[in-house]
Amino acid sequence: MEIEKLKQRLLSLSLEEKVGQLVQVTPDFFGNKGEITGPLGQKIADSTRYQIGSVLGTHRAAEVKQIQADYLAHSKHQIPLLFMADVIHGYETIFPIPLALASSFDEELIERVAQNSAVEAASEGIHVTFSPMADYVKDPRWGRVLESNGEDPRLSTALTKAYVRGYQGDDLKKETSLAACVKHFIGYGAAEGGRDYNTVDISDVELHQNYLPAFEGAISAGVQLVMTSFNSVHGVPVTANKALIQSVLRGKLRFDGVLISDWAAIAELKNHRVAQTSRDAAKKAFDASVDIDMMTDCYSEELAAIVEENHLMPQLDAAVWRILLLKNELGLFENPYRGLENKVDKDQLKVEAFEVATRSAVLLKNEAILPLKKEDKLLVVGTKAATTDVLGAWSWIGDSDTAISLAAGLEKECSAIEIIAIDDEKTDWSKIKLAAHAAEKVVIAVGEDSQEAGEAASRAKLNLSAIEQELIDVISHENSESILVTFSGRPLVLTDVEEKVKAIVVAWFLGNQTGTALAALLTGQKNFSGHLPMSFPRSVGQLPYSYQEMSTGRPMTEENADQKYISRYLDEENSPLYAFGHGLSYSAFTYSELRVSTDELRSGCELELSFEVTNESELAGYALPQIYFTDEYTEVIRPKRELLAWQQVQLDCGETKTIHFTIRPEDLAYVHSDLSRTTDPGEFRFYLAKSALDIVSAVSVTYVE
Ligand code: NOJ
């Protein structure tokens, strides 16, 4: 619709109709069942039902068609409803969870996943997805690390941008695209103790250095919506934090799109005890420029009076305008049934889901036991051996009955295989012992089920269950040739079991094609290429943990390790069990020394880092060279090493490639105590590495302003 006409539409709305545009409900209010992902308590008067602006959590095209038609038949102004949903890692075809996708370190792959998810969701009538989740995370006790891009802000920024590009495409009017909503602004991942919805306290330097960049990236990629987080920052819940939203989100990051609250977050301002009544809550959120109230009746009941009493019509018009613009960008005025006629090639999506899953699993350890041979006499045993509960959280349209279990995948590839699925109630240990003894190799499949990671799924213990640990013990006594496959939505603590097995594969939750992808990887038809986007700690006591360890006054070094007054644990090592960036493959990659184009980088110039990587093995594969750097002297403390660049390099057997990275001075900037992000002159050290803790070579360069 032409902008002038749209303006007329806005002017024609009454106060109540304007407020209605700011209200979001589930399909239950139209007599259909929706996806419920939070507490219910919203009441919407019958008279306002046909004024509301958006619906979240519909399932299928027919439902969207019926609700939209019913709504438009009753609506005076013919402003179509917006349909939003959590399309987090696919719609009906489920791809690996985001943390698994991040293991690919591959922006193109993630862009493709987002694009494919958009195609499928748009055909079911969805217009907006509540994705990507750009939260900075370093505490795997928090179940929502499952939805994150891992612990490195630079990696997360690149992947967040890729999601936005993939969902939105180059033109939102294309009926195969979705508008993206980046979440949760901001600080949600810092929930104290890793307990979901718990309070947060972070410094400004930390906020600007680590939490904001991925949001800034999403906004620079044109993201249409932002969602506020449940938590507080600077003592004020973000949904009511006018100062933060105005100065940072709307100010510094220049976000002028739609800001939506998280589920019930406006009413929850009362639980936070920063609002006494629903009216206070609505006023605070509205003042903070939260445009859409997700699933409470604060706006629908209170906002009209607030606007009248406080003469806030210009602010209300601005909020409604942002929503109308979004509807217009999506082409809803031309076609309120956008996408519903789209045809989707489901078989092609299946192929994609398989390819992506093979790129998302991580091989942590392999003492010459993998790949399996077709004729290996195999026992597949464990709590996750035959389960199809492998889709992971946020796969509500996905059907686990259509998912392929590990055992089903392996059965197709291996000729002699016995499967024993176990659970707490009925474990026949003597049968397991006999089978383990008789097998040539044992695949032990253990880990979380899909309810144990995601929203409201915090855990204080991250080790395997007692029965799983017992299983590993029993097997290790019977057969030394065992491979551990772990399923999880977060890094687990594997310290007690890692020495009892010869190989470890992190399967995360790989989606519909879990079994086929794992079978292809375990049998060597596909090569492993995933790398950890989050460190695996040795112990829960190390958490929160990031490989980006900050400098301290008393660091532990090789020389002082026997002294007392240094930063260390008495009963645990400081390092993780498996570091960020770690991941093996069946190929063997070697690297030359790292070279620099100059040892003096001048302002306005670029630095080129280069090296050769060779595949010395008989198998084609992907290498993931990683560049880290250290700024030797800084104004505020900085990490000892941080990721700067990476590249997935595909190499045939015997092939060598020369890799170049171009570095600009601004890539080396950091947030100073006055919150400016600038690069200090002085010495920098660059590292070529296989993981955050596995350095191949290093070189120093001086930056001269
Ligand atoms: C609550 C979650 O925090 C958020 O991520 C999600 O998008 C909404 N519910 C809607 O389901």
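Just so you know, ligand 1 is whichever comes first in the structure, and atom 1 is the first atom listed for that ligand. Because the structure is predicted, anything quoted here is derived from the model rather than measured. Residues take their numbers from the sequence shown, with the count starting at 1.
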Point to revise | Atoms of ligand 1 close to K183 [distance to a heavy atom under 4.0 angstrom, numbered from 1] | key: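 Taking each heavy atom of K183 in turn, ligand 1 has 4 (C), 5 (O), 6 (C), 7 (O) under 4.0 Å.
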Review point. Which atoms from ligand 1 have a heavy atom of F230 less than 4.0 Å away?
Key: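 Near F230, meaning under 4.0 Å from one of its heavy atoms, ligand 1 has 3 (O).
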Salt bridge between [X] and [Y], side-chain N to carboxylate O under 4.0 Å?
| X | Y | value |
| --- | --- | --- |
| E124 | R60 | yes |
| K346 | E120 | yes |
| R165 | E111 | yes |
| D86 | K183 | yes |

Under 3.5 Å: N/O of [X] near N/O of ligand 1:
| X | answer |
| --- | --- |
| Y188 | no |
| E147 | no |
| D262 | yes |

**Study point:** Under-4.0 Å heavy-atom contact with ligand 1, by part of M133 that carries it
**Key:**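 For M133, no heavy atom sits under 4.0 Å from ligand 1.
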Check your understanding: Who passes side chain to side chain donor-acceptor pair (under 3.5 Å) against T514, sequence neighbours left out?
Key ->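 Testing T514 for side chain to side chain donor-acceptor pair (under 3.5 Å), a comparison that skips the adjacent residues, returns none.
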Check your understanding: What residues, two or more places apart in sequence or in another chain, satisfy side chain to side chain donor-acceptor pair (under 3.5 Å) together with Q21?
Key ->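 With neighbours one apart ignored, the set is K327.
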Review point. Atom 10 (C) of ligand 1: which of I260, D86, I88 has the nearest heavy atom?
Key: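 Among I260, D86, I88, the closest heavy atom to atom 10 (C) of ligand 1 comes from D86.
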Check your understanding: Is M84 near ligand 1, meaning one of its heavy atoms is under 4.0 Å from it?
Key ->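 No, that is not the case, since the closest heavy atom of the residue is not under 4.0 Å from the ligand.
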Check your understanding: Contact between R144 and ligand 1, counting heavy atoms under 4.0 Å?
Key ->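 The answer is yes, since R144 has a heavy atom less than 4.0 Å from ligand 1.
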Exercise for review: Could you point out which residue of V258, I292, L259 forms a side-chain contact (heavy atoms from CB on, under 4.5 Å) with R322?
Suggested key: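 For R322, the side-chain contact (heavy atoms from CB on, under 4.5 Å) check succeeds only for V258.
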